Asker: 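I have a structure here, written as structure tokens, and I will follow up with some questions on it.
Scope of the values below: all heavy atoms of this structure, side chains included, with no hydrogens, waters or symmetry mates. Counting convention: from 1, in listed order, for ligands and their atoms alike. Nothing here was measured: the structure is a model prediction, and the numbers come from that model.
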Amino acid sequence: MIEKNILCNEKNTIREAINKINENGKGAIFVVDDNCTLLGTVTDGDIRRGLLKGIGLDEAVEKIMVSECIYAYVNDNTTKIWNMFNSKIKIIPIVNEHKQVVDYSEYSSHMKLAIAQPQLNGKELDYLLDGFLSTWISSTGKYVTEFEKKFSDYCGRKFGVATSNGTTALHLALVALGIGKGDEVIVPDITFAATINAVLYTGATPVIVDIEEDGWCIDPDEVERAVTSKTKAIIPVHIYGQPCDMGKIMDIAKKHNLYVVEDCAEAHGAMYDGKKVGSFGDIGCFSFFGNKVITTGEGGMCITNSPELEQKMRLYRDHGMSRERKYYHEVVGFNYRMTNLQAAIGVAQLENIDSTLKWRAELENMYRDSLEKVDGIQLQRNDLPKREKITWLVTAYVDNEKKRDVCMKAMMDADIDVRPFFVPLSEMEIYKKYVFSNTVSTHISKCGFNLPTSYLVGKKEVDRVVNALKSVMS
Ligand SMILES: *Cc1c(COP(=O)(O)O)cnc(C)c1O
């Protein structure tokens with residue numbers, strides 16, 4: 001039986017067609033009549049060109065449909081169908097003798113499998129249009145407030161301050177805590193560079209410490225060893241969806257009177273001891289970049305329970321301008337705001353976060369089950385006490401660098417997108433001088449790689465990945 005979301009009735013609107021294309025992820029749909037007879041095809045490109053020509057979203061899809069489209073018959077042999085594909089045609093409807101669509105052939109079984117893909121098949125377009133039509137396209141408007149409220153609620157914190165991206169969220173948090181020159185801030189060796197850059201922007205000195213062998217997050221024992229009289233804060237990074245050992249980290253922070261700023265960019269919804277990440281430290285920072293669990297294109301947020309910190313972050317985010325007196329600036333601030341259009345997408349994304357996390361977890365389990373039979377490859381740990389990880393990018397590892405490179409090459413040869421682990425900060429010239437410890441991180445970073453993790457990856461694609469890995473591991 002052909003999937004419903006690849007077909008579109010001639011009476012459907014362009015808006016409905018867009019939703020179906022977003023859902024099926026194939027960049028096209030087949031237009032049929034009530035009898036399922038093929039009338040034409042519509043690609044995302046046809047829609048974009050149509051809209052630019054002034055055709056409205058609520059007009060019938062027929063208006064932009066290409067009726068002289070290529071199709072094949074059920075009895076055509078594969079070579080014949082294969083020859084119909086070209087750089088523009090990646091999917092071909094297959095019809096019976098009555099020209100009814102019964103199946104389709106896709107170039108994608110040989111096409112590149114992407115590592116990540118934003119999923120935009122909820123209310124994103126509706127809210128975005130609503131924001132657009134309201135003309136509140138800058139950084140005031142109802143969606144910013146709504147997104148701040150709903151996202152901070154979701155994480156179990158009182159306040160949310162939306163920002164232009166995850167990096168500005170981290171910087172804003174540190175500035176609001178008064179961190180600057182002469183202070184030391186402890187960061188893990190394995191993270192995205194934005195974590196340490198945010199520390200450097202403030203003029204403070206980052207102190208890079210090693211990670212745990214099992215969780216790959218900042219090692220609490222190393223944090224404790226690295227504390228000096230100058231230490232002001234710790235930035236635990238919940239890496240690849242894995243929550244840090246927040247119990248130990250908060251104990252250390254309390255003991256030494258340190259601030260905690262959680263970098264939650266890769267772990268929306270992950271939990272430690274039944275509480276969401278971002279709700280342990282003084283401030284939790286999130287990113288909504290296109291490859292994160294939920295996205296606003298570019299975007300970020302700081303969450304906190306402290307009204308003072310919330311006010312400070314708003315002040316610094318909005319040019320340092322006084323709320324009481326317009327154009328009177330109390331501090332040297334920044335423009336780190338999120339636009340209403342970004343927030344509109346965020347609100348729609350948040351509505352679906354539970355189902356997003358569900359398919360992500362199921363995909364990781366599918367990889368886990370299939371890879372169980374492949375000796376020498378493991379997936380990131382998901383059995384650590386008190387930690388409920390989420391799936392950001394499915395992460396695999398082997399026991400040495402040579403094997404890792406062989407695995408990555410096998411995947412690339414099979415046209416599967418693959419990403420190596422983050423390069424440890426301690427390995428880079430510009431950050432080397434800040435290293436305190438890096439034994440585990442140096443080893444682990446050479447052994448790990450990320451597998452395609454998107455809603456377009458199903459059983460068939462998992463098999464493709466696992467077969468590529470099997471071919472070199474046995
Ligand atoms: C993505 C990411 C960031 C930065 O977020 P942007 O929105 O891209 O600025 C910060 N920290 C970590 C761990 C990340 O993965």
Asker: Which atom names give the shortest non-hydrogen contact between A173 and V261, and what distance separates them?
Answerer: CB-CG1, 4.0 Å
Asker: Looking at K409 and D405, does any basic side-chain N land under 4.0 Å from a carboxylate oxygen?
Answerer: no
Asker: Polar-atom distance check: A265 versus ligand 1, any N or O pair below 3.5 Å?
Answerer: no
Asker: Under a 3.5 Å cutoff, is there a donor and acceptor pairing between the side chains of Y259 and D183?
Answerer: no
Asker: Can you tell me the protein heavy atom closest to atom 9 (O) of ligand 1 and the distance?
Answerer: T167 OG1, 2.5 Å
Asker: Under 4.0 Å from ligand 1, counting heavy atoms only, is it the side chain of V237, its backbone, both or neither?
Answerer: side chain
Asker: For G166, counting its heavy atoms only, list the atoms of ligand 1 lying under 4.0 Å from any of them.
Answerer: 5 (O), 6 (P), 7 (O), 9 (O)
Asker: Within the structure, does S287 bring an N/O atom to less than 3.5 angstrom of an N/O atom in ligand 1?
Answerer: yes
Asker: If the contact criterion is a heavy-atom separation under 4.0 Å, does K292 count as touching ligand 1?
Answerer: yes
Asker: Would one find an N or O of E266, backbone or side chain, under 3.5 Å from an N or O of ligand 1?
Answerer: yes
Asker: Show the atoms of ligand 1 that are less than 4.0 angstrom away from any heavy atom in T191.
Answerer: 13 (C)
Asker: So, F449 versus Y397, ring centres under 6.0 angstrom or not?
Answerer: no
Asker: With a 4.0 Å heavy-atom cut-off (strictly under), which part of D263 contacts ligand 1: side chain, backbone, both or neither?
Answerer: side chain
Asker: For F288 and F147, I'd like to know if the aromatic rings sit close, meaning centre-to-centre distance below 6.0 Å.
Answerer: yes
Asker: Who are the salt bridge (Lys or Arg N to Asp or Glu O under 4.0 Å) partners of D46, not counting sequence neighbours?
Answerer: R49
Asker: Show the atoms of ligand 1 that are less than 4.0 angstrom away from any heavy atom in A194.
Answerer: 4 (C), 10 (C)
Asker: Report yes or no: is the cationic atom of K389 (NZ for Lys, CZ for Arg) under 6.0 Å from the centre of the six-membered ring of Y240, at an angle within 45° of the ring normal?
Answerer: no
